Asks: 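Pasting a structure below so you can have a look.
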Amino acid sequence: MSAADRPSLDEDEATGPGLITLSAAGASGERLDRFLAQQLPQYSRSRLQRWIELGAVSWDERVLGRRHRLAGLETLTVEPQPLEAEAAFGPEPVDFDVIHQDTDLLIIDKRPGLVVHPGSGNWHGTLLNGLMHRFKSQSVLPRAGIVHRLDKDTSGLMVVARSESAMALLAEQLASRSMGRRYLALVQGAVADRAEVDEPIGRDLVQRIRMAVVHGSGGRSARTVFRKLAQGALNGRAVSLIECRLHTGRTHQIRVHLKHLGAPIVGDALYGGLADARAPRQALHAWRLELSHPADAKRRVWTSAWPPDLMPLLEAIDIDPVDALRRASRAFDDPVETARS
């Protein structure tokens, strides 16, 4: 799998210009921490080991532990961490909802406004800090078991691993695209009943805080399928409630692809979405998560209702959220979509 085709670690991970890519060719059998120390002598070995513990070293969407033995086939991605990060990855009391827990995984229903992972400007009070506080054993896992992320202002379902073996199995499902992630979004315009965007995503060349459809070496393959559930009007302008299905996991993928379609998400100021007082943030919600459970490989499904803070939007356009979810549950059950999944 080429670097351009390799899935990113999660949907919302910012991949800045400091990202380091290393080929492990010729390093078969070498332990990861020793290999990094050889390849990156400008950093101390202890700091590199800390980066590994923080989950900043990955391969094909798998976060690697420092004792990982290289096969010699890997292309490693290293995300250098600033000095501020050294004190940021610790337990802190943070409020978050767990809707399911067992010995292998946690299912989190993330509230809007909660940052998932420490980063620039948000070094404390994140979901990672809260996981380490509430579940002490998460502290020994890379990224406290976080397998994928959601944007700060996107609400909904996430899975968190509770062991290294579960983390590897869940990451493999992300990489193989067998983990089903479905979102609800209220977007601008009267969109088509069904749409698909298969366009590469990369860093916006003008506004670096944004992502964009980027062709060439700067873009990574991305595919999203959309299905309209209902339509109405907001402040005299057409809006549509749609369900979105991810087939890859790029940074801001849904938001970028919807902007590309000319249907930005209501309340999404970064990507030109319609502003409305009833939209305190982008109207995007991860409502359904499906995966094979690490314990027995059986398929499990969790759902989350349309969030309360965005309920006034649906009321304003006279859309019944219960009916919308009923429609969403059937939105991708046609033979064509199943065959392509």
Side-chain angles (χ1 to χ4, degrees), residues 7-13 61-63 96-112 114 116-117 127-128 130-131 135 138 143-163 166-185 223-227 229 241-255 282-307 310 321-322 324-333 337-338 341:
S8 62
L9 181 68
D10 54 69
E11 176 193 353
D12 302 308
E13 180 179 18
E61 207 172 71
R62 301 171 182 86
V63 174
F96 61 93
D97 292 330
V98 178
I99 65 170
H100 172 85
Q101 69 179 82
D102 56 43
T103 57
D104 294 288
L105 55 79
L106 302 167
I107 302 297
I108 310 296
D109 196 347
K110 190 185 86 68
R111 57 178 168 80
L114 177 62
V116 171
H117 190 276
L127 175 62
L128 180 143
L131 284 166
F135 303 98
Q138 298 299 124
R143 302 191 186 214
I146 292 170
V147 179
H148 64 115
R149 304 184 210 175
L150 295 175
D151 283 338
K152 174 183 177 181
D153 289 328
T154 297
S155 56
L157 300 177
M158 296 176 51
V159 61
V160 173
R162 303 203 69 186
S163 67
M167 197 166 190
L169 290 169
L170 292 169
E172 177 59 37
Q173 292 182 54
L174 276 174
S176 65
R177 302 169 188 176
S178 62
M179 184 181 292
R181 292 174 290 161
R182 301 187 185 185
Y183 295 70
L184 296 174
R223 175 178 172 241
T224 317
V225 177
F226 305 101
R227 191 71 63 91
L229 304 175
L241 181 66
I242 65 172
E243 189 188 25
C244 320
R245 182 169 180 173
L246 289 173
H247 289 267
T248 48
R250 306 303 179 208
T251 304
H252 297 178
Q253 179 173 322
I254 291 173
R255 299 163 69 186
Q282 65 252 19
L284 181 62
H285 179 66
W287 86 276
R288 188 178 190 272
L289 178 65
E290 179 179 357
L291 54 83
S292 297
H293 197 284
D296 55 17
K298 290 183 179 179
R299 298 296 284 180
R300 297 286 304 275
V301 176
W302 292 269
T303 60
S304 172
W306 184 254
L310 296 178
V322 175
L325 287 177
R326 189 179 299 115
R327 291 169 182 259
S329 67
R330 301 192 301 267
F332 289 101
D333 291 338
E337 182 56 37
T338 300
S341 298

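Please read all numbers here as calculations on a predicted model, not as lab measurements.
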Asks: Keeping the roles fixed (side chain from Thr248, backbone from Arg223), state whether a donor-acceptor pair exists under 3.5 Å.
Replies: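 Flag set: sc Thr248 to bb Arg223 pair under 3.5 Å.
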
Asks: Mind listing the closest non-hydrogen atom pair of Arg149 and Val116 along with its distance?
Replies: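 Taking every non-hydrogen atom into account, CG-CG1, 3.7 Å.
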
Asks: Locate the shortest heavy-atom distance separating Asp102 from His293; write the atom from each residue and the value.
Replies: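 That would be OD2-NE2, 2.7 Å.
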
Asks: Could you note down all residue pairs passing salt bridge (Lys or Arg N to Asp or Glu O under 4.0 Å) where residues 290-303 supplies at least one of them, sequence neighbours left out?
Replies: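 Applying salt bridge (Lys or Arg N to Asp or Glu O under 4.0 Å) to every pair that reaches into residues 290-303, excluding sequence neighbours, yields Arg288-Glu290, Glu290-Arg299.
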
Asks: Would you give the length of the straight line joining atom CG of Leu289 to atom NE2 of His148, rounded to the nearest 0.5 angstrom?
Replies: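 It is 5.5 Å, given to the nearest 0.5 Å.
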
Asks: Checking Ala305 now: which residues fulfil side-chain contact (heavy atoms from CB on, under 4.5 Å) with it, not counting sequence neighbours?
Replies: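 side-chain contact (heavy atoms from CB on, under 4.5 Å) check on Ala305 returns Leu325.
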
Asks: In the structure I gave you, are the side-chain heavy atoms of Leu150 and Leu284 within less than 4.5 Å of one another anywhere?
Replies: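 Answer no - side chains too far apart.
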
Asks: For a 4.5 angstrom cut-off between non-hydrogen side-chain atoms, does Arg182 reach Trp287?
Replies: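 Yes, at least one pair of side-chain atoms sits under 4.5 Å.
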
Asks: Enter the distance from Tyr183:OH to Thr224:OG1 here, rounded to the nearest 0.5 Å.
Replies: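 If I round to the nearest 0.5 Å, the distance is 10.0 Å.
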
Asks: Can you name the residues that form a ring pair (Phe, Tyr, Trp, His ring centres under 6.0 Å) with His100, not counting sequence neighbours?
Replies: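 His100 satisfies ring pair (Phe, Tyr, Trp, His ring centres under 6.0 Å) with Trp302 only.
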
Asks: Give me the atom names and distance for the closest heavy-atom approach of Ala328 to Leu184.
Replies: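 Closest approach of Ala328 to Leu184, heavy atoms only: CB-CD2, 4.0 Å.
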
Asks: How close do Leu127 and Leu114 get, counting heavy atoms only, and between which atoms?
Replies: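 So the minimum-distance heavy-atom pair works out to N-CD1, 3.9 Å.
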
Asks: Any non-hydrogen side-chain atom of Leu291 less than 4.5 Å from a side-chain atom of Leu105?
Replies: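 They are in contact (side-chain heavy atoms under 4.5 Å apart), so the answer is yes.
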
Asks: Evaluate the side-chain proximity of Ile108 to Val98: yes if any heavy-atom separation is below 4.5 Å, no if none is.
Replies: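 Yes, side chains in contact.
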
Asks: Who pairs with Asp153 by side chain to side chain donor-acceptor pair (under 3.5 Å), at least two apart in sequence or on another chain?
Replies: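 By the side chain to side chain donor-acceptor pair (under 3.5 Å) rule, Asp153 matches no residue at all.
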
Asks: Quick check on side-chain contact (heavy atoms from CB on, under 4.5 Å): which of Asp151, Ile254, Leu310 does Gln282 satisfy it with?
Replies: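 One option only clears the test, and that one is Asp151.
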
Asks: Give, for atom CZ of Phe96 and atom NZ of Lys110, the distance between the pair rounded to the nearest 0.5 Å.
Replies: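 Answer for the CZ-NZ pair, Phe96 versus Lys110, is 12.5 Å.
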
Asks: How many angstroms lie between OG1 in Thr303 and CD1 in Ile107, if you round to the nearest 0.5 Å?
Replies: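 If I round to the nearest 0.5 Å, the distance is 11.5 Å.
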
Asks: Closest heavy-atom contact between Leu170 and Met179?
Replies: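 Looks like O-CE, 3.7 Å.
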
Asks: Who passes side chain to side chain donor-acceptor pair (under 3.5 Å) against Ser304, sequence neighbours left out?
Replies: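 Per chain and number, Ser304 pairs via side chain to side chain donor-acceptor pair (under 3.5 Å) with Asp109, His285.
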
Asks: Can you name the side chain to side chain donor-acceptor pair (under 3.5 Å) partners of Trp306, sequence neighbours left out?
Replies: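 Applying side chain to side chain donor-acceptor pair (under 3.5 Å) to Trp306 gives none.
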
Asks: Please round to the nearest 0.5 Å and tell me the distance separating atom NE2 of His247 and atom CZ of Arg181.
Replies: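 The CZ atom of Arg181 is 10.5 Å from NE2 of His247, to the nearest 0.5 Å.
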
Asks: Working to the nearest 0.5 angstrom, can you tell me the gap between Asp104 CG and Arg162 CZ?
Replies: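 Rounded to the nearest 0.5 Å, the CG-CZ separation comes to 9.0 Å.
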
Asks: To check you understand the geometry: which heavy-atom pair defines the closest contact between Val160 and Ala144, and what is its length?
Replies: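 Looking at all heavy atoms of both residues, the closest pair is CG1-O, 3.7 Å.
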
Asks: Under a 3.5 Å distance rule, please check whether Glu243 uses its side chain to pair with a backbone N or O of Leu229 as donor and acceptor.
Replies: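 A pair under 3.5 Å: no.
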
